[in-house]
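Order of appearance sets the numbers: ligands from 1, and atoms from 1 within every ligand. All figures in this text were calculated on a predicted structure; none of them were measured in a lab.
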Amino acid sequence: MKLYSTKHVSPDVDLREAVLKGLPPDNGLYMPYEIPKLADSFWNNLDNYSFNEMALEVAKNMIGNAIPSEDLKNIIDQAYHFDAPLHYCGNSAFLELFQGPTLAFKDFGARFMGQLMGYFLKNNNKEVDILVATSGDTGSAVAHGFLNVEGINVTILYPKGKVSDIQEKQFTTLGANITAIEIDGTFDDCQSIVKNAFLDQELNERRTLSSANSINISRLIPQSFYYFYAYKQLADKNKDLYFTVPSGNFGNLTAGLFAKKMGLPITKMIAATNNNDIFTHYIQTGEFKPKPSVQTISNAMDVGNPSNFFRVLDFFGNNYNAVKENIEAFSVNDEQTKQAIKQVFDDYKYVICPHTAVGYLAMQSFVNQNKTENTNNIILSTAHPVKFGEVVEPILGFTPEIPERLKKAIGTNKQSIEMSNDYTTFKQWLMDK
Ligand SMILES: *Cc1c(COP(=O)(O)O)cnc(C)c1O
């Protein structure tokens, strides 16, 4: 597998280098040269594949001979032991991507990445430090994804008192190779400490640092798996197929484009965003205008400069019209989001999280606008509603049931190191480790 930088300045790399580097030095994004079509045998066997069997075929198709098939199978089997079922409500189905350990779709990307990095670093005899700044979801997915992966230590920096209790418990109770640092400051402080660390020559001579950022190609490859898995579950595969993707950094949507390129018959992708409507504005006008993010109740999508935008653009040869033909975009506000959570519960007795509600509304807008009938409409359900209890409970008037795997974390004591937001304190701590 050979990858290029979307800026075409940095040299091409193989998968190993793309995964370990994350970003090309020219600040572009790594993209695969080739995303081959899946063979007929894949489609003929699809109905009989388990999720992991199917994922292996898709991964082999993308990764080629970069990793022997047996090793790739191990990586996938270590990463995945949970389902992604479709749940129908009226004319649409929710693809439940929250059945993993941290109750959000990021488990799919982070767990594959953890295993893949562990694989590439095997026999490296150097310990690698992964640094992550998080405002919630990413920290927990990465912590679980890298838990007990040999040769890798994960350090998570999060703003004290600014993540929900449930989120905090998910990354402060694991122990082993996962360390949580509670910074007396904001998320931006955490992010700037991590950035400083990557730029610090003295520190980088002492320790091998890496990131688990969402722009890493190893988080995108596995996210294409569940698009096929959704299709596999459809009763009638001949109808037009629409996917709505609640989007922030647009990694999830990019993965859907990969699936399409491999032959999945997606009629159109629908990008759903909250008031951070940079992409909707782009589709409407052809102008890409990043803005500072605004806070919403679907906060994992509060992104003012979507980092995978240039992958989407690159995918269509930087041709605005081609993007517009393949992707529709809708933005919705918090009030509409709340109403959708209530409406889906009233109509179908089904509880959705705020991000998924944004997706639901975008799907409804699309269906109403285009008067599509008798189509397969799939909404990616990106998180479990209990993760956003403070939003969902006042709307519904009750607490959605907490899954067992989360109860366990909630009942375990938090372990974290408190630190000031001063970079040198963190640096000293890491140097002395
Ligand atoms: C990260 C996240 C998103 C946005 O996904 P992108 O790949 O960044 O577009 C949406 N919903 C939830 C719950 C998330 O955690």
Side-chain angles (χ1 to χ4, degrees), residues 29 84 94-113 132-145 163-164 166-167 170-171 187 212-227 243-259 269-280 282 293 296-312 327 329-332 337 341 351-362 379-392:
L29 297 161
F94 293 98
L95 180 66
E96 295 189 346
L97 299 174
F98 52 68
Q99 301 212 353
T102 76
L103 296 89
F105 83 95
K106 288 193 172 70
D107 281 333
F108 283 93
R111 296 181 71 78
F112 187 85
M113 181 186 198
V132 194
T134 186
S135 54
D137 267 0
T138 302
S140 52
V142 169
H144 281 259
V163 305
S164 78
I166 285 184
Q167 284 177 328
Q170 285 188 303
F171 55 75
F187 169 64
N213 203 301
S214 68
I215 35 119
N216 196 298
I217 192 74
S218 65
R219 280 179 61 168
L220 294 190
I221 293 168
Q223 287 183 33
S224 69
F225 300 160
Y226 45 71
Y227 285 89
F243 278 100
T244 297
V245 189
S247 295
N249 267 323
F250 281 75
N252 211 355
L253 189 128
T254 305
L257 297 175
F258 288 172
M269 304 283 290
I270 298 155
T273 49
N274 57 29
N275 272 345
N276 295 282
D277 58 356
I278 315 301
F279 191 78
T280 307
Y282 171 74
S293 63
T296 74
I297 57 169
S298 46
N299 59 17
M301 291 156 49
D302 293 350
V303 178
N305 188 359
S307 51
N308 282 294
F309 174 77
F310 290 100
R311 276 201 172 109
V312 174
I327 309 173
F330 295 92
S331 292
V332 301
T337 307
I341 293 171
V351 184
I352 56 175
C353 88
H355 312 80
T356 307
V358 171
Y360 176 78
L361 286 166
I379 299 149
L380 302 197
S381 190
T382 51
H384 193 293
V386 292
K387 286 193 99 169
F388 302 92
E390 66 285 2
V391 175
V392 174

* Could you name the option among His384, Lys106, Arg219 that has the heavy atom nearest to atom 2 (C) of ligand 1? => Lys106
* Considering the heavy atoms of Ser247, write down every atom of ligand 1 situated less than 4.0 Å from one of them. => 9 (O)
* Phe105 ring center within less than 6.0 Å of Phe98 ring center -> no
* Going by the atom numbers of ligand 1, which of them fall below 4.0 Å from some non-hydrogen atom of Ala383? -> 13 (C)
* Asked: Are any side-chain N or O atoms of Asn274 and backbone N or O atoms of Ser298, one a donor and one an acceptor, separated by less than 3.5 Å?
  -> yes
* Lys387 side chain to Thr102 backbone, donor-acceptor under 3.5 Å -> yes
* Asked: Which of the numbered atoms in ligand 1 are below 4.0 angstrom from a heavy atom of Pro246?
  -> 4 (C), 10 (C)
* **Top protein contact for atom 4 (C) of ligand 1, by heavy-atom distance** => Gly248 N, 3.5 Å
* Asked: So, Asp302 and Asn276: side-chain donor and acceptor under 3.5 Å apart, yes or no?
  -> yes
* Write out the residue and atom name of the closest protein heavy atom to atom 12 (C) of ligand 1, then the distance separating them to 0.1 Å. => Thr382 OG1, 3.5 Å
* To do: Report yes or no: does a heavy atom of Ala104 sit under 4.0 Å from some atom of ligand 1?
  => no
* Structure fact -> Val392 and Ile352 have their tightest heavy-atom pair at CG2-O, 4.1 Å
* Taking it one step at a time, do Tyr226 and Leu95 satisfy side chain to side chain contact (heavy atoms under 4.5 Å, CB included)? -> CA-CA 9 Å; Tyr226 45 71; Leu95 180 66; 4.2 Å; yes
* Asked: Looking at atom 8 (O) of ligand 1, what's its closest protein heavy atom, distance included?
  -> Asn249 N, 2.8 Å
* To do: Would you please indicate if the ring centroids of Phe388 and His355 are separated by under 6.0 Å?
  => yes
* To do: Looking only at protein heavy atoms, identify the closest one to atom 5 (O) of ligand 1 and say how far it is in Å.
  => Phe105 CZ, 3.4 Å
* Where ligand 1 meets Asn252 - atom numbers and elements under 4.0 angstrom, heavy-atom basis -> 7 (O)
* Asked: Do the ring centers of Tyr282 and Phe309 come within less than 6.0 Å of each other?
  -> yes
* Asked: If you count the atoms of ligand 1 from 1 in the order shown, which ones are under 4.0 Å from a heavy atom of Gly251?
  -> 6 (P), 7 (O), 9 (O)
* Within-shell test, Phe98 vs ligand 1, heavy atom, strictly < 4.0 Å -> no
